[in-house]
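Structure first, then comments.
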Amino acid sequence: MAGKYELLCLENPILDIQGVGDQKLLDKYGLKPNDAILADPEKHLGIYDELIKDYNAVLIAGGAAQNTARGAQYILDPNSVVYIGCIGKDQYGETLEKISGQAGVKTEYLYDEKTPTGRCGVVITGHNRSMCTDLAAANNYKVEHLKQERIWKQVENAQFFYVGGFHLTVCVPAIKALAEEAAAKNKTFILNLSAPFISQFFKDPLDEVLPYVDILIGNESEAAAFAESHNIESKDVKEIAKEIAKLPKKNSKKSRTVIFTQGTDPTIAVSAKEGGDVDVEEVPVHAIAAEKINDTNGAGDAFAGGFVAGIVQGKSLKKSIDMGQWLAKLSIQELGPSYPQPKQTY
Ligand code: ADP
Ligand code: MG
Ligand code: MG
């Protein structure tokens, strides 16, 4: 049965290949124990098969917004979430498609015949985690795919759009197409800031999309990077959120909400109100004993998944944030950006 598919997500589909490594592996590929880099084609591409063959690596459907899509679908009724991005025609792509399918997410991938599926090697040594991403096919998403009749119908059907900021390096026209659809029909457009480098090095595309953003999500370091690149003087996360909430907006029927998570510190949410005022909420995280934490990789993605599920269900802002905290707490007890089975309910 066709579902309602009211949430449509767009970003870079990446397969995480995550294994417990050792110094020898880090040395071989010249990786720092705690780092996130883009793979150098001359140097790093062997690591993916090696992690699988020699380090018992697990394959996890990754890519920030795809993690969020799986997280939202974890909570929502069946057939609620569609995810779009570009993969290759290979074994990694098949794995990605299978894992998302098992999570109940409907994938509408563009297939790039000539380029391999994007991969992120995650080498765990003790509490450290070294990530090495080869964007590959994910970098080749094209707006023409989105505009095909069959896909665009699903865009028209959706009421909520969630875009990962990492996609600002890939296909701004596709992001703009979703943003304009949202503004024209008073739908909800949600953007995640994804990483400090987006505000630092992709400020122009970010600023092009920002007027369409109804809900902006980020963490404390992304808030700081945004402030720095946008001449916001304050270092205070709440003050930064206030400034962003008040920036110009296309759809004047919806005011903007800015949400910043801060690891174990409370999440800040600022909503603009008419007349230049703002509402501020502070929502504590769900505390968890340190020894229960398995892997905080993807905490923010899980938060966004729970939060967006709440928004789709029409829950209040505060309740939706609490749902995000709840799902993040579940996810950090798993390996990688995953969610526990059997399913727990909020
Ligand atoms: P990111 O993964 O983007 O850096 P954060 O580190 O801010 O995002 O984490 C997002 C959310 O995950 C937090 O708001 C919180 O709900 C949850 N979280 C992260 N770390 C912990 C922790 N140690 N204990 C409990 N919750 C956590
Ligand atoms: Mg963090
Ligand atoms: Mg994050």
Side-chain angles (χ1 to χ4, degrees), residues 9 11-12 14 16 18 34-36 60 62-72 74-75 120 122 124 127-131 133 162-168 190-200 215-226 236-238 240-241 257-270 280-311 315 317-340 344 346:
C9 307
E11 210 204 32
N12 310 332
I14 304 282
D16 287 352
Q18 179 164 326
N34 218 358
D35 205 2
I60 306 162
Q66 191 161 233
N67 300 334
T68 296
R70 286 186 293 115
Y74 187 83
I75 293 174
C120 175
V122 185
I124 297 168
H127 288 295
N128 293 319
R129 170 164 291 99
S130 196
M131 305 206 226
T133 299
Y162 178 90
V163 175
F166 286 122
H167 205 72
L168 287 163
I190 306 164
L191 182 77
N192 198 306
L193 282 172
S194 292
F197 83 82
I198 296 295
S199 291
Q200 286 161 353
I215 304 177
L216 186 72
I217 303 175
N219 67 19
E220 75 282 22
S221 48
E222 291 148 17
F226 187 101
D236 183 84
V237 166
K238 209 180 286 179
I240 296 167
T257 296
V258 179
I259 295 171
F260 286 129
T261 61
Q262 322 184 72
T264 52
D265 286 338
T267 295
I268 306 295
V270 173
V280 181
E281 302 244 33
E282 259 185 68
V283 187
V285 308
H286 288 218
I288 172 173
E291 64 270 19
K292 284 181 121 183
I293 298 178
N294 185 349
D295 183 359
T296 54
N297 185 18
D301 303 341
F303 169 83
F307 169 77
V308 172
I311 294 296
K315 300 283 199 295
L317 183 62
K318 201 168 179 180
K319 179 64 103 186
S320 299
I321 291 171
D322 192 63
M323 289 169 73
Q325 318 281 31
W326 174 80
L327 192 64
K329 177 187 166 177
L330 293 190
S331 178
I332 62 181
Q333 295 173 71
E334 306 291 311
L335 183 67
S338 306
Y339 309 99
Q344 302 189 25
Y346 174 75

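Start at 1 and go down the list; that is how both ligands and their atoms are numbered.
In this structure, Ala309 and Ala72 approach most closely via the heavy-atom pair CB-O, 3.9 Å. Of all heavy-atom pairs spanning Ile321 and Phe307, the tightest one is N-CD1, 3.7 Å. Of all the heavy atoms in Gln200 and Ala225, the pair that sits closest is NE2-CB, 4.2 Å. Here the closest non-hydrogen pair linking Asn219 and Phe260 is O-CD2, 3.7 Å.
Residue Gln262 approaches ligand 1 through these ligand atoms, each under 4.0 Å from one of its heavy atoms: 7 (O). With ligand atoms numbered from 1 in the order given, ligand 1 contributes 24 (N), 25 (C) to contacts under 4.0 Å with heavy atoms of Ile288. Within the listing of ligand 1, atoms 23 (N) sit less than 4.0 angstrom from a heavy atom of Ile293. Near Val285, the atoms of ligand 1 lying under 4.0 angstrom from a non-hydrogen atom of the residue are 14 (O), 15 (C), 16 (O). Per-residue contacts place Gly300 under 4.0 angstrom from the following atoms of ligand 1 (heavy atoms of the residue considered): 1 (P), 2 (O), 3 (O), 8 (O), 10 (C).
Contacts of His286 with ligand 1, taken as heavy-atom pairs under 4.0 Å, involve the backbone alone. Using a 4.0 Å cut-off between heavy atoms, Glu222 makes no contact with ligand 1 at all. Contact annotation: for Thr267 versus ligand 1, heavy atoms closer than 4.0 Å belong to the side chain alone.
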Please lay out, stage by stage, how Ile268 and Gln262 fare under the test side-chain contact (heavy atoms from CB on, under 4.5 Å). CA-CA 8 Å; Ile268 306 295; Gln262 322 184 72; 3.6 Å; yes
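In the model, Asp295 has a side-chain atom that pairs as donor or acceptor with a side-chain atom of Gln18 under 3.5 Å.
Note on ligand 1: Lys329 sits outside its first shell, no heavy atom being nearer than 4.0 Å.
At least one N or O atom of Gln325, backbone or side chain, sits closer than 3.5 Å to an N or O atom of ligand 1. Remark: ligand 1 and Phe303 share no N or O pair separated by less than 3.5 Å (distance only, no angle test). Distances between N or O atoms of Thr261 and those of ligand 1 include at least one value under 3.5 Å.
The aromatic rings of Phe197 and Phe166 sit tilted relative to each other, their planes meeting at an angle between 30° and 60°.
If you take CE on Met323 and NZ on Lys318, they are separated by 15.5 Å, rounding to the nearest 0.5 Å. Note that CG of Asp16 and OG of Ser338 are 8.5 Å apart. Values are rounded to the nearest 0.5 Å.
Nearest to atom 5 (P) of ligand 1 by heavy atom, out of Pro266, Gly263, Ser221, is Gly263. When Asp322, Asn219, Leu330, Ile332 are ranked by how near their heavy atoms come to atom 21 (C) of ligand 1, first place goes to Ile332.
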